[in-house]
J.: 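Below is a structure I'd like to ask you about.
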There are 2 protein chains.
Amino acid sequence: MSQAEDKSTKSPIEVSIPKAVVHRLSLYLRELQHLVREGNETTSSTTLGSRLGLTDARVRKDLAYFGQFGHPGIGYRCPELMGEIKRILGTDRQWQVAIVGLGNLGTALMGHRGFADQGFRVVAAFDCDPGKIGSKIHGIPVYHIDTLETVVRDARIKLGIITVPAKAAQTVADLLVAAGVDGLLNFAPVTISIPTGISKVGVDLAIELEQLSFDVVNRS
Amino acid sequence: MSQAEDKSTKSPIEVSIPKAVVHRLSLYLRELQHLVREGNETTSSTTLGSRLGLTDARVRKDLAYFGQFGHPGIGYRCPELMGEIKRILGTDRQWQVAIVGLGNLGTALMGHRGFADQGFRVVAAFDCDPGKIGSKIHGIPVYHIDTLETVVRDARIKLGIITVPAKAAQTVADLLVAAGVDGLLNFAPVTISIPTGISKVGVDLAIELEQLSFDVVNRS
DNA sequence: TAGATTGTTAATCGATTAACAATC
DNA sequence: TAGATTGTTAATCGATTAACAATC
């Protein structure tokens with residue numbers, strides 16, 4: 001029964017991966033980037049864990065979901081593990097990203113250094129303010145939202161960032177999906193509906209402050 | 001032994017509340033705000049849950065951590081429940097907030113509507129660019145970072161938002177803590193260390209995109 | 001070899017769901 | 001009363017931790 005167990009090749013999704021694990025994968029990647037900058041060639045689950053407030057067992061278990069990346073007695077080689085995590089997260093490639101809604105936040109995100117650093121390139125922005133359309137912000141062209149479908153298709157944009165007011169978010173989501181994007185990052189404080197097969201992540205910055213507020217009020 | 005069980009008054013922290021529960025509390029609050037805007041006076045755990053992709057049991061269980069807010073046969077009265085959640089989150093009051101680091105993101109957050117809507121008032125901003133100091137952005141005064149301690153104390157600022165580059169984040173965190181803030185919202189992509197008793201929430205926007213990327217690449 | 005550290009199994013812990021008596 | 005919906009208990013499910021043989 002256990003004749004030809006396929007050990008080395010973990011093909012995409014045999015077991016479904018908990019969201020928390022994927023999130024920590026990003027944390028590991030970020031920490032590895034720091035470690036490399038500090039001149040480390042290898043690291044260990046203990047180091048990685050203690051820097052992030054996790055147990056060493058947790059780190060090893062998380063990575064074990066995806067394969068065997070460590071070396072007993074040695075630890076993990078930083079560049080190697082970084083490569084593996086990027087491959088798993090899908091950031092071993094460049095993603096073309098569109099931003100819709102050029103209020104304060106949308107405009108800021110067009111120039112957000114952290115996106116470029118991790119392989120996300122904002123290549124188009126959309127708004128309906130005639131004063132902005134046709135201009136470039138942070139070197140990125142601003143288009144009228146009516147041209148979204150064409151521009152998104154032509155530029156092979158696969159991820160969309162929604163920074164419009166809450167009441168416009170669903171409409172914009174529908175537009176982006178119709179234009180063929182695969183995933184949406186939604187900053188509007190509403191739950192948007194999307195077809196199955198499309199991915200979605202929601203970020204509500206006020207919620208983060210609320211979590212902080214709770215913590216402050218209820219700490220012992 | 002079970003004589004004088006204290007049933008009605010759930011005093012702060014008997015059992016420690018899972019983070020996930022507190023996060024959903026914010027989601028409930030947001031959804032209740034929408035429901036009220038749509039003209040609903042009451043709602044149910046089923047409605048609330050299905051709008052957020054949760055089971056009704058989950059909603060009731062989450063709320064039960066904090067008390068009995070519902071009415072059997074009727075459901076939850078929206079304004080009542082909103083009030084309770086705000087009280088639990090600590091957003092039944094106004095918080096004075098400072099932002100440190102006026103790059104793209106910091107500047108944008110100074111005018112972020114969502115913060116004000118939930119009771120967070122950005123009352124001071126700090127940078128070290130002489131071109132910005134003394135000016136007002138979105139009506140908020142910009143100070144030199146050297147004056148942080150005085151300004152933060154005088155304005156009774158209890159929450160700090162860090163939007164400086166990664167390498168400056170720890171220094172800024174130390175400054176804010178020394179000035180007497182109780183909580184930090186950190187947008188720099190590093191783990192910052194803070195004394196016990198101080199609260200911290202970290203947001204790395206690139207991580208959110210990485211989670212999206214993973215989802216897109218690994219969906220079935 | 002001795003020391004370090006992995007990947008993985010078993011034991012623990014915690015969170016979620018299902019079910020239902022109690023209540024309006 | 002009948003229908004709706006709560007708060008809560010018990011059962012299930014999943015994630016975390018501890019421990020350790022295997023390996024460099």
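Within every chain, numbering begins at 1; the chains are lettered A, B, ... in the order of the sequence lines, protein sequences first and strands thereafter.
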J.: Between B/Glu38 and B/Arg51, is there a salt bridge with N-O shorter than 4.0 Å?
T.: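 Salt bridge: yes.
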J.: Output the distance between atom CZ (A/Phe115) and atom CD (B/Glu208), rounded to the nearest 0.5 Å.
T.: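 Here the rounded value is 9.0 Å.
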J.: If only side-chain N and O atoms of A/Ser45 are considered, is one of them under 4.0 Å from the OP1 or OP2 phosphate oxygen of C/dT6?
T.: yes
J.: Is the shortest side-chain N/O distance from B/Arg24 to OP1 or OP2 of C/dT16 below 4.0 Å?
T.: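 B/Arg24 to C/dT16 OP1/OP2: side-chain N or O found under 4.0 Å.
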J.: Which nucleotide, C/dA18, C/dA15, C/dT8, lies nearest any side-chain atom of B/Ala57?
T.: C/dA18
J.: Closer than 4.0 Å, any side-chain N/O of A/Gln68 to the OP1 or OP2 of D/dT23?
T.: no
J.: Would you mind reading off the distance between A/Asp56 atom CG and D/dT17 atom P, rounded to a whole angstrom?
T.: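 That distance rounds to 10 Å.
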J.: Distance check, rounded to the nearest 0.5 Å: B/Leu35 atom CG versus B/Thr47 atom OG1?
T.: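 So the gap between those two atoms works out to 7.5 Å.
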J.: Which of the following nucleotides, C/dT9, D/dT8, D/dT5, is nearest to the side chain of A/Lys61?
T.: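 Shortest atom-to-atom distance from the side chain points to C/dT9.
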J.: Whole angstrom is fine here: how far is it from NZ in A/Lys19 over to C1' in C/dA15?
T.: 16 Å
J.: What nucleotide among D/dT5, D/dA15, C/dT6 has an atom nearest to a side-chain atom of A/Pro18?
T.: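 Of the options given, the side chain of A/Pro18 lies nearest D/dA15.
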J.: Using atom CG of B/Leu81 as one end and atom P of D/dT5 as the other, report the distance to the nearest whole Å.
T.: 15 Å
J.: Without hydrogens or angle criteria, can the side chains of B/Ser45 and B/Asp56 be said to hold a donor-acceptor pair below 3.5 Å?
T.: no
J.: Using whole Å, report how far CG of A/Asn40 lies from P of C/dT5.
T.: 13 Å
J.: Please report, rounded to the nearest Å, how far the C1' atom of C/dT16 is from the CZ atom of B/Arg60.
T.: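 From B/Arg60 CZ to C/dT16 C1': 13 Å.
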J.: In whole Å, what is the span from the OH atom of A/Tyr65 to the C1' atom of D/dG14?
T.: 8 Å
J.: Rounded off to whole Å, could you give me the CD1-to-P distance for the B/Ile17 and C/dT16 pair?
T.: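 The answer, rounded to whole Å, is 13 Å.
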J.: Reading DNA chain D from 5' onward, which residue's closest nucleotide shows up sooner: B/Leu63 or A/Ala20?
T.: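 It is B/Leu63 whose nearest nucleotide is closer to the 5' end.
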J.: Whether A/Arg58 contacts D/dT16 is assessed here as follows: a side-chain N or O lying under 4.0 Å from the phosphate OP1 or OP2. Is that the case?
T.: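 Yes, A/Arg58 has a side-chain N/O under 4.0 Å of OP1/OP2 on D/dT16.
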J.: Rounded off to whole Å, could you give me the CG-to-P distance for the B/Leu54 and C/dA15 pair?
T.: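 My rounded result for the distance is 15 Å.
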J.: Side chain of A/Ser44 only, please: which of D/dA19, C/dT5, C/dC20 is the nearest?
T.: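 Of D/dA19, C/dT5, C/dC20, C/dT5 is nearest to the side chain of A/Ser44.
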J.: Using both distances under 3.5 Å as the test, list the Watson-Crick or G-U wobble partner of D/dA18, or none.
T.: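 By the stated definition (distances under 3.5 Å), C/dT9 pairs with D/dA18.
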J.: With both distances under 3.5 angstrom, what nucleotide forms a Watson-Crick or G-U wobble pair with C/dT23?
T.: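 Checking every strand shown, C/dT23 finds its partner in D/dA4, with both distances under 3.5 Å.
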J.: Return no unless some side-chain N or O of A/Tyr76 is found under 4.0 Å from OP1 or OP2 of C/dA4.
T.: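 For A/Tyr76, the contact criterion (side-chain N or O under 4.0 Å from OP1 or OP2 of C/dA4) is not met.
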J.: Hydrogens and angles aside, do A/Thr42 and A/Arg77 bring a side-chain donor and acceptor to less than 3.5 Å of each other?
T.: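 Note: A/Thr42 and A/Arg77 side chains miss the donor-acceptor criterion.
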